Amino acid sequence: MSKPGTFFNYDPSNGQRIGEYEIASPTRVEEALRSSRRAFESWRERPFRQRVRALASLRRSIVDDTPRLVDIICRDTGKVRLEALMSDIYPTLDLIRYYEDNLESILGKDPRKSSAGFGSRAWVEYFPVGVVGVIAPWNYPFQLSMIPTVTALAAGNGVVLKPSEISPMVGDAIDELLGSVTDLPRGLVEVVHGPGEVGESLIAAGPDMIFFTGSVATGKRIMRSASENLTPLILELGGKDAFIVLDDANLERAAAGAVYASFANTGQLCVSAERIYVQESVVQRFVELVRKETARLRVDEGYDGDVGPLTHPEGAERVRQHIDDALDRGAEVAQVAGAGGGESSRSPESLPCVLTGVDHSMDVMTRETFGPIMPIMAFADDSEAVRLANDSDFGLNASVWSRDLERAGKVARQLRVGNVSVNDAVKNIGSPDLPFGGVKHSGFGRYHGPEGLKNFSHTRSVSVQSGRRSKEINWFPFTPETYEDLMKYIHLRFGAGSLRDKASEAWSLLQRFAQRGLR
Ligand code: NAD
């Protein structure tokens with residue numbers, strides 16, 4: 001038992017306790033918010049080039065510290081080393097570099113032509129929202145804490161980060177890392193540890209925006225709490241991604257892609273392929289290929305293998321329940337990883353498992369499993385594939401596999417998801433210039449790319465008149481002449497008529513305006 005006011009974290013490979021952490025009290029959370037707000041006052045004024053310099057120095061610190069960071073990520077989550085390097089560290093570096101190169105062109109003054117005219121100019125400008133409360137999950141504890149944090153900073157904000165209580169070592173490493181960047185004002189980023197109640201205190205303390213990544217159930221709670229202060233929020237929630245293999249796909253690539261997309265990070269990936277739909281005529285061959293790939297996965301080689309253990313015991317319970325429910329309803333286990341190379345010492349729920357004979361009456365095809373199960377279902381034609389894929393409460397990500405890119409594109413365009421790829425998987429979330437996010441129960445709002453950076457800013461529209469005219473035509477007094485002139489103006493701008501007629505109408509209208517001193 002942990003002492004009151006503290007919590008433990010555990011090594012996922014053996015369940016042993018690693019460390020004890022203090023739970024941030026509501027007072028500590030409020031202090032963190034105040035401290036970030038103070039530092040924000042100077043940070044918000046820094047020109048783009050100074051923000052870029054700080055980001056560059058953060059990037060270099062991450063690179064210098066990568067081996068240690070990878071080690072901490074692996075110990076906190078149980079994931080394998082390559083996964084930590086390429087899915088936690090790499091996308092963070094890639095996004096920082098993207099902001100270094102594009103910050104000013106995305107957030108700089110953006111002139112708007114159609115609102116200008118009659119001696120005025122107009123533009124859009126972006127300004128920071130204030131302090132962003134970032135509430136993060138454990139599955140990619142570095143990337144999913146750092147990317148929203150760095151995005152908030154790039155847009156000129158402060159941050160209070162609440163890492164997941166399941167991966168607090170990574171939270172501490174982030175705290176240390178950001179603290180070492182001398183170009184960032186002290187206190188601009190604050191880290192508060194603890195379970196969900198600390199997240200609740202953070203929302204109650206009144207940040208200016210919330211960026212949440214996690215489950216649908218928690219997302220709903222957060223949205224309710226955020227409504228108290230009308231705090232704007234972005235919700236990045238769960239997924240049940242469809243992976244559609246058409247009969248003309250490169251089956252070798254599709255099978256290898258499915259094994260990667262279903263089992264990477266032991267399936268604990270929001271954009272994991274959780275429903276595999278394969279066209280009837282090629283399903284048998286596809287299952288054979290997938291079985292071979294799955295049997296080859298190295299599951300007993302610690303951090304140097306392909307697939308690690310599940311991070312959290314609750315995950316194993318959910319996976320067991322989904323497998324049992326599917327088997328009870330007639331599904332079959334086609335393959336389990338490790339079975340080719342002898343019995344694994346790992347818990348059966350953490351071993352990649354291929355299921356066939358599944359349908360939409362089963363939890364494994366409707367609820368987020370967040371574990372290493374690949375259920376495969378056959379479909380007859382493209383329209384049935386689209387119907388099955390869209391038959392879900394979720395809408396995060398999907399992929400379509402075909403040699404005919406036009407056909408694949410047509411299927412992809414009918415999918416109700418925030419992100420889709422053709423002949424590739426799990427890609428969009430790692431792309432710095434593609435906005436990422438979901439529809440339906442997968443959440444709303446986007447991050448990454450220009451759209452994402454702007455979402456961490458407020459938008460201000462500005463119009464400026466030279467001020468030389470004494471008044472505007474639509475101001476008081478509202479006379480019959482003004483009414484008539486405005487009628488003509490509307491006809492001129494929006495009505496039918498030849499260019500020649502309009503030119504003469506415009507000329508006479510301008511003269512009338514001039515006579516009345518309105519030009
Ligand atoms: P979770 O919802 O249990 O926890 C996420 C975070 O919310 C943790 O830091 C937790 O302490 C905090 N929290 C819990 N209750 C809270 C409350 N009432 N108020 C405020 N904060 C609270 O999720 P998890 O188990 O850490 O992560 C797994 C889930 O995250 C999966 O559903 C997965 O699909 C989703 N996810 C989504 C994305 C995405 O980009 N869409 C990415 C990764 C993970």
Side-chain angles (χ1 to χ4, degrees), residues 7 9 21 23-24 26 29 76-77 79 87-88 91 133-148 151 160-168 170-171 174 191-205 207 210-228 231 233-241 264-274 310-315 317-318 367-371 393-397 417-419 426 428-431 434-448 452:
F7 67 100
N9 65 327
Y21 287 78
I23 297 175
V29 173
D76 233 3
T77 59
K79 69 175 70 186
S87 303
D88 264 304
V134 174
I135 301 176
W138 48 264
N139 60 331
Y140 287 91
F142 189 78
Q143 182 202 158
L144 297 176
S145 298
M146 282 298 281
I147 287 189
T151 306
V160 177
L161 164 69
K162 195 206 85 63
S164 168
E165 64 275 29
I166 294 168
S167 53
V170 177
I174 290 173
V191 177
V192 290
H193 281 295
E197 69 206 53
V198 177
E200 282 169 21
S201 309
L202 174 54
I203 298 165
I210 296 157
F211 185 94
F212 171 73
T213 311
S215 61
V216 176
T218 309
K220 287 183 183 175
R221 256 179 248 131
I222 286 182
M223 195 164 166
R224 268 198 294 274
S225 313
S227 71
E228 278 300 311
T231 311
L233 76 169
I234 293 179
L235 296 181
E236 292 290 342
L237 309 178
K240 188 76 195 167
D241 294 357
N265 209 37
T266 324
Q268 304 165 117
L269 172 59
C270 58
V271 290
S272 182
E274 291 216 354
L310 286 164
T311 299
H312 197 241
E314 259 177 32
E317 278 167 40
R318 196 179 44 247
R367 292 165 178 260
E368 186 179 39
T369 307
F370 219 57
D393 289 340
F394 294 98
L396 193 55
N397 195 58
V417 290
N419 321 276
V426 191
N428 302 18
I429 191 168
S431 308
L434 289 180
F436 181 83
V439 301
K440 301 198 266 183
H441 283 192
S442 294
F444 50 77
R446 296 289 180 270
Y447 69 146
H448 300 226

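One-based numbering, in listed order, for ligands and for the atoms of each. Numbering of residues begins at 1 and proceeds along the displayed sequence. Keep in mind the model is a prediction, meaning the values are calculated, not measured.
Residue Phe212 touches ligand 1 through its side chain alone, judged by heavy-atom distances below 4.0 Å. If you look at Leu269 next to ligand 1, there are no close heavy atoms at all, none under 4.0 Å. Only side-chain heavy atoms of Ile135 come within less than 4.0 Å of ligand 1; its backbone N, CA, C and O stay farther off. The proximity of Glu165 to ligand 1, defined as any non-hydrogen pair under 4.0 Å, is limited to the side chain. Residue Glu197 does not touch ligand 1, judged by heavy-atom distances below 4.0 Å.
The distance criterion of under 3.5 Å between nitrogen or oxygen atoms is met by Thr218 with respect to ligand 1. Checked against a 3.5 angstrom limit, the closest N/O atoms of Asn139 and ligand 1 fall outside it.
Among protein heavy atoms, the minimum distance from atom 27 (O) of ligand 1 is reached at Pro137 CB, 3.4 Å. Distance from atom 34 (O) of ligand 1 to its nearest protein heavy atom, with residue and atom name: Glu368 OE2, 2.5 Å. Looking at atom 26 (O) of ligand 1, its nearest protein heavy atom turns out to be Trp138 CD1, 3.1 Å. The protein atom (non-hydrogen) at minimum distance from atom 23 (O) of ligand 1 is Ser215 N, 3.4 Å. Distance from atom 17 (C) of ligand 1 to its nearest protein heavy atom, with residue and atom name: Gly196 O, 3.7 Å. The protein heavy atom nearest to atom 33 (C) of ligand 1 is Phe370 CE1, 3.3 Å.
Of the N and O atoms on the side chains of Asp76 and Asn9, at least one donor lies less than 3.5 Å from an acceptor on the other residue. A donor and an acceptor atom, one from each side chain of Lys162 and Ser145, are nowhere located under 3.5 Å apart.
In this structure the side chain of Asn428 never reaches within 4.5 angstrom of the side chain of Val271, judged on heavy atoms. Looking at heavy atoms from C-beta onward, Lys79 lies in side-chain contact with Pro141 at the 4.5 angstrom threshold. No side-chain heavy atom of Val160 sits less than 4.5 Å from a side-chain heavy atom of Pro207. Under the 4.5 Å side-chain criterion, counting only non-hydrogen atoms from C-beta, Phe212 is not in contact with Leu233.
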Working for side-chain contact (heavy atoms from CB on, under 4.5 Å), residues Asn139 and Thr77: CA-CA 7 Å; Asn139 60 331; Thr77 59; over 6 Å; no
Working for side-chain contact (heavy atoms from CB on, under 4.5 Å), residues Trp138 and Leu144: CA-CA 8 Å; Trp138 48 264; Leu144 297 176; over 6 Å; no
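Formation of a donor-acceptor pair under 3.5 Å by the Arg446 side chain with backbone atoms of Gly452 is not found in this model. The main-chain N or O of Thr311 is found under 3.5 Å from a side-chain atom of Gln268 such that the two form a donor-acceptor pair.
Within the listing of ligand 1, atoms 42 (C), 43 (C) sit less than 4.0 angstrom from a heavy atom of Leu144. Remark: ligand 1 atoms within the under-4.0 Å shell around heavy atoms of Glu200 are 17 (C), 18 (N), 19 (N), 20 (C). Interface atoms of ligand 1 facing Ser164, defined by a heavy-atom separation under 4.0 Å, are 9 (O). Close approach of ligand 1 to Ile222 is summarised as follows: ligand atoms under 4.0 Å from at least one heavy atom of the residue are 19 (N), 20 (C), 21 (N). Taking a cut-off of under 4.0 Å to the non-hydrogen atoms of Pro195, the atoms of ligand 1 that pass are 11 (O). Atoms of ligand 1 lying under 4.0 Å from at least one heavy atom of Leu237, given by number and element, are 37 (C), 38 (C), 39 (C), 41 (N). Those atoms of ligand 1 with a heavy atom of Phe436 less than 4.0 angstrom away are 40 (O).
In the candidate list Ala136, Gly214, Ser442, Ala204, Ala136 is nearest to atom 6 (C) of ligand 1, counting heavy atoms. Of the candidates Gly443, Gly199, Pro148, Ser201, Gly199 brings a heavy atom nearest to atom 21 (N) of ligand 1. Around atom 39 (C) of ligand 1, the closest heavy atom drawn from Cys270, Gly438, Ser145 belongs to Cys270.
Scanning all heavy atoms of the two residues, the minimum distance from Thr213 to Pro137 falls at O-CD, 3.4 Å. Scanning both residues, Gly171 and Val191, for their nearest heavy atoms gives O-CG1, 4.0 Å.
Ring geometry for Phe7 against His193 counts as tilted: the plane angle lies between 30° and 60°, on a 0 to 90° scale. Ring geometry, Phe211 versus Tyr447: the interplanar angle falls from 30° to 60°, so the pair is classed tilted.
Protein non-hydrogen atoms do not reach within 4.0 Å of atom 4 (O) of ligand 1.
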